[in-house]
Colleague: 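Would you mind keeping the following structure in view while I ask a few things?
Side-chain atoms are counted along with the backbone in the values below, which use heavy atoms only and exclude waters and symmetry mates.
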Number of protein chains: 2
Amino acid sequence: MAVAGQRRRRKEERPGEIVEAAFEEFARAGFAATKLDDVAARAGITKGTIYLYFPSKEDLFLATVREMNRPSQENLAALTAAPQGSAMAILRTHFAFVYAQMVEDRRAREILRMLMAEVSRFPDLADRWRAEVIGPAVENLRRVVRYGIERGEFRPSAAEEFPHLLFAPVIMACTWRLMFGDDHALDGAAYLEGHLDLMERGLAQGEG
Amino acid sequence: MAVAGQRRRRKEERPGEIVEAAFEEFARAGFAATKLDDVAARAGITKGTIYLYFPSKEDLFLATVREMNRPSQENLAALTAAPQGSAMAILRTHFAFVYAQMVEDRRAREILRMLMAEVSRFPDLADRWRAEVIGPAVENLRRVVRYGIERGEFRPSAAEEFPHLLFAPVIMACTWRLMFGDDHALDGAAYLEGHLDLMERGLAQGEG
DNA sequence: CCTTATTGACTGCCTGGTCAGTTATTAGTA
DNA sequence: TACTAATAACTGACCAGGCAGTCAATAAGG
């Protein structure tokens with residue numbers, strides 16, 4: 001067995017390790033300012049090795065974003081199940097999960113930052129992200145709203161056309177934390193509760 | 001009088017022209033990827049001239065962000081006047097203005113993008129922005145919510161602690177447009193109307 | 001000993017920043 | 001008004017350093 005710190009042949013693990021290191025560096029410095037030497041150092045290899053697995057810096061960036069998106073894509077499937085019970089209860093569960101995923105988890109936030117920063121360099125990346133991740137998420141949310149309306153639980157509202165309005169506080173919290181850091185983050189539990197409360201009142205059938 | 005296209009001495013106008021050109025380039029390419037030669041070309045001068053007015057690329061970036069923030073800062077003052085009439089009416093006017101300012105105006109959106117992309121490089125920039133621009137805006141919104149509660153128009157809600165929740169759809173629309181382009185922008189008027197409608201229902205005193 | 005994953009020194013290009021020189025402008029003089 | 005001198009805004013050629021990408025040499029594994 002090879003000694004740690006020495007050269008080892010690891011064809012299988014390398015790409016994942018490189019992407020992992022690349023994510024940290026891209027998130028820290030942005031695409032242009034990231035040095036492949038630093039990525040390599042973080043992965044415990046040298047720059048040359050990166051080029052055995054990725055043809056260019058741009059390709060490495062693309063691979064990184066795709067890889068980091070995978071968990072949320074996979075989790076989305078579970079949420080698309082046929083709704084039952086109170087629509088509001090579904091929304092509660094849904095948003096509790098989404099908060100944990102997008103606001104609390106640093107990686108998801110950093111992906112948002114990276115995409116926003118680099119869309120002009122990779123226009124098709126944003127398109128794919130919308131088509132594969134965001135679009136379905138919006139559609140899923142819309143389905144729950146419709147379900148609530150059919151059930152007589154919700155009134156008809158703009159939330160049916162723009163489920164984005166319901167999702168907005170998540171993006172707000174995400175952006176806030178990205179910009180002002182963990183120290184100034186909005187209090188997670190209270191904020192989520194407030195979000196759900198306002199949403200419930202906003203959507204509810206009421207006052208006759 | 002000097003002929004157009006020839007060298008001219010313009011000590012007064014230069015800084016503004018350079019900042020203007022820098023904004024376009026920074027917005028297009030981000031901080032690291034922006035070339036000062038391009039900025040100079042856009043401003044109709046050469047790189048050397050930039051260094052007569054700004055000591056470094058970083059200083060130019062800072063000056064650019066500050067300059068672009070100025071209009072929204074100045075407009076904010078006008079909105080902080082003593083509230084009167086329906087609180088909801090104030091919110092309507094307020095958000096109509098904010099939409100025009102932040103969602104429709106490309107420059108404000110690009111500022112958001114630039115700040116998000118580069119905050120890690122300029123931590124004090126984010127701090128100042130929060131202290132000077134965002135903080136007062138949140139406070140202003142909170143004042144209107146309190147006014148509405150005192151008036152018996154609004155119920156007590158999380159919007160008092162987190163006015164962010166009311167502002168969130170603006171950030172959402174802003175972010176959406178930044179990422180997916182003008183072609184996929186959310187329909188401005190209908191979206192704003194939906195935002196206001198949900199907000200009104202969410203905040204309103206009602207159902208006894 | 002053969003294969004191949006990995007290295008690390010090397011290249012060429014790019015770009016932030018410099019500075020000696022150039023030219024428009026203004027002030028001074030007649 | 002015409003000419004000259006002094007000033008300083010502006011230029012552009014020029015470094016110096018950094019970094020993406022290359023490749024011949026090396027060493028681990030079978």
Colleague: Counting side-chain heavy atoms from C-beta on, which of C:dA5, C:dT7, D:dT11 comes nearest to A:T49?
Modeller: C:dT7
Colleague: Starting from P on D:dC19, measure out to CD1 on A:I50 and report it in whole angstrom.
Modeller: 14 Å
Colleague: Evaluate salt bridge (charged side-chain N to carboxylate O under 4.0 Å, His left out) for B:E150 paired with B:R143, printing each intermediate quantity in order.
Modeller: CA-CA 10 Å; B:E150 284 162 16; B:R143 204 170 301 130; over 6 Å; no
Colleague: Can you list the residues that meet the ring-ring contact (aromatic ring centres under 6.0 Å, His included) rule with B:F26, with sequence neighbours excluded?
Modeller: B:F31, B:F61
Colleague: Does any N or O in the side chain of A:H94 come within less than 3.5 Å of the main-chain N or O of A:M88, such that one atom is a donor and the other an acceptor?
Modeller: no
Colleague: Can you figure out which of C:dT7, D:dC10, C:dA5 approaches the side chain of B:R14 most closely?
Modeller: D:dC10
Colleague: Please determine if a side-chain N or O atom of A:Y53 lies less than 4.0 Å away from the OP1 or OP2 oxygen of C:dA5.
Modeller: no
Colleague: I'd like to know if B:R121 and B:E58 make a salt bridge, using a cut-off of under 4.0 Å between side-chain N and carboxylate O.
Modeller: no
Colleague: Under the ring-ring contact (aromatic ring centres under 6.0 Å, His included) rule, collect the residues that match up with B:W176, sequence neighbours excluded.
Modeller: A:H164, B:F180
Colleague: Can you tell me the distance, in whole Å, between the CG atom of A:L60 and the C1' atom of D:dC19?
Modeller: 15 Å
Colleague: CG of A:L52 versus P of D:dT26: gap in Å, rounded?
Modeller: 18 Å
Colleague: What pairs of nitrogen or oxygen atoms, one from the protein and one from nucleotides 14-20 of chain C, lie under 3.5 Å apart?
Modeller:
residue	atom	partner	partner atom	Å
C:dG16	OP1	B:T34	O	3.0
C:dG16	OP1	B:K57	NZ	3.2
C:dG16	OP2	B:L36	N	3.0
C:dG16	N7	B:K47	NZ	2.9
C:dG17	OP2	B:Y51	OH	2.6
C:dG17	OP2	B:K57	N	3.1
C:dG17	O5'	B:Y51	OH	3.3
C:dG17	N7	B:K47	NZ	3.0
C:dG17	O6	B:K47	NZ	2.9

Colleague: For A:I45 and C:dA5, give me the distance from atom CD1 to atom P, rounded to whole Å.
Modeller: 13 Å
Colleague: Assess the residue pair B:L192 and B:V103 against the criterion (side-chain contact (heavy atoms from CB on, under 4.5 Å)); give the C-alpha distance rounded to whole Å, side-chain angles, the decisive distance to 0.1 Å, and a yes or no.
Modeller: CA-CA 11 Å; B:L192 169 58; B:V103 184; over 6 Å; no
